[in-house]
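For reference, the structure discussed in these notes is given below.
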Amino acid sequence: MKMNYFLNILLLCFTAITVAQGTGSIVGKLTDKDYNNEPLPFANVIIKDTATGTTSDFDGLYSLENLSPGSYSIQYSFVGYTTIELEAAVIADKVTTINVPLSASAAALDEVVIKTTTKKESEVALLLEQKKAVTIKQSIGAAELARKGVSDAAGAVTKISGVSREEGGSNVYVRGLGDRYLNTTYNQLSLPSNDIEKKNMNLNLFSSEVIQNVAVSKAYSTEFYGDFAAGNVDITAKEHSGKGFIDFELGSGSNSRAANKEFLKSEGTGKFGFYNRYNNNPFALVVSHGIDPVDAGNPVRFNGSFSGGTSFRFSDDTKLSFFGTASFDNNFEYREGPAIDFTTTEKKRFDATEEYEYSTTSTAMANIIFRIDSDHKLSYNSLFINSSSDKVGYFGTDGQGANRDANLDTDKGFYQMNVQFDQDMIFVNQLVGSHKLDEILDFEWGAGYNVVDSRQPDRKRISLERYDLALDNDPTTNPSFFSNIEFDNQRYFQKIDDKEINGRMKLGYTVSEKFKLNFGSNGRTKERNFENIRYGYDLIQPNTEVLDVNNLNDVFNVENIGSVYNTFVINALDNDNGLGSTNLPGNPENTYKGTLEVQAGFINSEIILASKWTIVPGLRIENLSQEIVYDVINLLPTDPGFRSAKETYLLPSLNVKYALNEDQNLRLSFSKTVSFPEFKEVTPFVYEDVTQRAGGNPDLLNDPSFSQIYNADLKYEWFFGRSEIFSLAVFAKQISDPVNKVIANDATGTQRFFRTGDKAEVFGVELEIRKNIISNSEDKAQLSAGFNATYMYTQQDLKSSQGLFSTTFEESRSEELQGASPIILNADLSYSPTLGVYKPIANLVFSYFSDRIDAIGSGQLGNIIEKGIPALDFIWKNQIGDNFQLNASVKNLLDPTIERIRETGSGEDIALTSYKRGVNLAFQLKYEF
């Protein structure tokens, strides 16, 4: 950076000397003293009492040229920063260099209200960071999140080229590669997953109130963990800077499809997404608490947040800052449509289903930043997230549900009720430091401790036959309980305990302006414990009638257990008390314990050649130790019940940046990375939903236990104006022994994970444009547009596999990678005029992804396809004066059909699920003190 600055100054000097003989110039660089002396773009530089002036560029550089010899008073100013006035002497045919650091002060801030920090949150600052970065990455900050009405990190990353997410789910896809190929970090420290089905934490859980910016790095650097293919998503926590403030926000809204429904939820759950019975034995809950759902109240959305921050400056360089925020959001969603369990034949079919979902997210975050001086900074960050989902589902509500295993009628009348509450509590604590030891040494470090408590308490699933008789208005005919096995009517309990310790450190040694060495290490130790238990209602009399389908508590209560009325008994799968497993507490049905340890060291260098070339070669050595120990039902007795793997690998990388000029870069990246399986992919436990089943495969830890990935990227980027960019990139990947989700060769059609071939190939091209169409007199955009598009081609040759589980593929068969969308589009249009104290912002935000494979079919089974969908949102923000906002949004305007289909090969594909999510209308009031 120093060399770039030095050469830029020389260029300005050369220009001034050659063009303006007899005059002089003043040149220099403006930096932000509160942000480690980073460049300060678009600050004002004015000759006092004149109209002569300029602004600093992206690199903080400025130039006042063709000045007559003499003395001048130069004023340096920026919103919220102390205005500095300096005397400068201009000499004919000479260049005067003045470098100025600016910092915020209480006096300046008394007159100016700072809405956001001027650095890591603004679009301009993040484009500057992208321009100067030595690796390929893109970021979106709090300012752009607010402008586009993005409410969480999942929505944030989809505004970046090549990124999409699963609509109605939590999976994020980067360059066609899904959850297993992606990493998520928080302040550059690893995050846990909140879901056993996912490697990464659900980004929906990170509300915009805790986000300063979100960065997606698509090209590998040795500072990242070696388990890298699609990219790394890093969420930077919001910090306080500037004047103290307190914000309050209140909002409400509704969903078009939920508005007139009578919503239901699980009995025993609270409005704020908490469940207060975890300390009780599950058997006690089965005996003492009912099975019917209860009223969830009016489906009116409520959200609110509080945030505040303040700073204490002890001297010019010592400052202590506090920031905290707490928020709550809920949502009501009603879905209706078909749900089908179809393999090669139809197993269960529900043409009419209804599902009511009440979801909540509660977030609390606080951090303390202690800047000892301009060279030393410490920060502590604590984050708590509680996420809940309360679903009540009715399958076969028209009386025409079918089940090939039904006893009374296989073609109609099959019905299931599924009442399910999921709660995830995540605790993240981090301590981070950065130190500049002298002019040539800088040191960064961080340590984190993460805890996840994820539970599904008391899922209730009831199955009925001849439900059509409940709809015939004849009181003498009634449905019956379906009870082929004792678990056709059941209560299910599941819990996950996940703990992780992680850390990182990096030492930078600046040998010269042209050469810098970085040494470092990072590592993580993670342990997950899982268990579940089921209790089945075993109906004593076959075909027991149901007199009232809306009052199942009359049947399943303590008075009807056993010999009193001989209605049912409660069975567990296992019990070691010597008294049997009937009407007594049982043992866990499935358990597993997974451990993961990664320790790594790395070295890279930053080499500057001829001011235009920046070359960053690097090497990482990483050691992986992974083990899974499990006790799972329905496995062969010969299976050992554990798998383990230990690997050490070398991962080289090369990143090259060529500065075509001050505004244009050409970037090239090559790297070797790996991909190793997650706990959920290797554990043979099967989770059974109403119409599908998914489980893991421990054979993934056999030789080979990881995939090798070769990555190549070439990117051109042009920063042609303030917050404006044009970029074009091509990329390629080769993945050895790729892992895909496949429908295994068994009678149940369970989806499991397999190494499906020797290699997979990915090729793609990305385009991004951001343009200010209309700007005001201050060069701020009033009408702007953004567009990015990605096209990808993926292919893998499939091969059959044998082991604990098996798959069968034709020899010549090839497929796209699971989760890969050939086309991804994102676009937005923003209008933001200034009408006195009224400053409205109107945004249209559009996104689209094309069809992608959700699970690959083996044998005679066709693929499961997630159909592509468009999404369109309108966000209208209204700033009235300095302190008040009145905002509105209409999201999911197109209300597309969310659909998963099974390919049959006959030309008539089967819709496994199909529903609409409805249009979400919301209003919000915000006031800042």
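- The side chain to side chain donor-acceptor pair (under 3.5 Å) check on Asn429 picks up Tyr380, Ser382, with sequence neighbours excluded.
- The number of heavy-atom neighbours closer than 6.0 Å to CZ of Phe642, taken from other residues, nucleotides and ligands shown, is 12 or below.
- Looking only at side-chain heavy atoms (C-beta outward), Arg461 and Tyr492 stay at 4.5 Å or farther from each other.
- Going from atom CG of Asn502 over to atom CZ of Arg504 covers 10.0 Å, rounded to the nearest 0.5 Å.
- Residues Phe283 and Tyr535 place their aromatic rings such that the two centres sit under 6.0 Å apart.
- Across all non-hydrogen atoms, the minimal contact from Gln818 to Asn740 is N-OD1, 3.1 Å.
- Side-chain atoms of Ser389 and Glu357 form a donor-acceptor pair, as typed in the model, at a separation below 3.5 Å.
- In this view, Phe809 satisfies the ring pair (Phe, Tyr, Trp, His ring centres under 6.0 Å) rule with no residue, not counting sequence neighbours.
- Side-chain contact between Pro677 and Leu701 is present, with at least one heavy-atom pair separated by less than 4.5 Å.
- For Arg335 and Tyr915, the positive end sits near the middle of the six-membered ring, less than 6.0 Å away and at most 45° from its axis.
- In this structure, Phe706 and Arg755 approach most closely via the heavy-atom pair N-NH2, 3.4 Å.
- The two residues Leu189 and Gly448 make their nearest non-hydrogen contact at CD1-N, 4.1 Å.
- Partners of Phe676 under the ring pair (Phe, Tyr, Trp, His ring centres under 6.0 Å) rule, at least two apart in sequence or in another chain, do not exist in this structure.
- Applying the side-chain contact (heavy atoms from CB on, under 4.5 Å) rule to Thr748 yields the partners Lys347, Arg693, Asp746, Thr750; only residues at least two apart in sequence or on another chain are considered.
- For Ser850, there are no side chain to side chain donor-acceptor pair (under 3.5 Å) partners at least two apart in sequence or on another chain.
- Residues Thr756 and Pro738 have side chains in contact (heavy-atom distance under 4.5 Å, counting atoms from C-beta outward).
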**Message:** Working note: Asn711 + Lys733, criterion side-chain hydrogen bond (donor to acceptor under 3.5 Å, both in side chains); need CA distance, chi angles, decisive distance, verdict.
**Reply:** CA-CA 5 Å; Asn711 311 278; Lys733 299 178 185 293; 3.0 Å; yes
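- The salt bridge (Lys or Arg N to Asp or Glu O under 4.0 Å) analysis of residues 622-635, with sequence neighbours excluded, yields the pairs Arg620-Glu622.
- Within the 4.5 Å cutoff, the side chain of Phe530 has no heavy atoms near those of the Thr683 side chain.
- Ser454 and Asp424 are linked by a side-chain donor-acceptor pair at a separation below 3.5 angstrom, with hydrogens and angles left out of the test.
- Judged by a 6.0 Å distance limit and a 45° cone about the ring axis, Arg528 is not positioned over the six-membered ring of Phe679.
- Cation-pi check for Arg455 over Tyr278 is met; the charged atom lies under 6.0 angstrom from the ring centroid and within 45 degrees of its normal.
- Aromatic ring orientation, Phe224 versus Tyr220: tilted (interplanar angle from 30° to 60°).
- In this structure, a donor-acceptor pair under 3.5 Å is absent between the side chains of Ser359 and Asn331.
- Looking at Tyr592 and Val632, their side chains never come closer than 4.5 Å, going by heavy atoms from C-beta outward.
- Contact detail for Asn187 and Thr236: the closest heavy-atom pair is OD1-CA, 3.6 Å.
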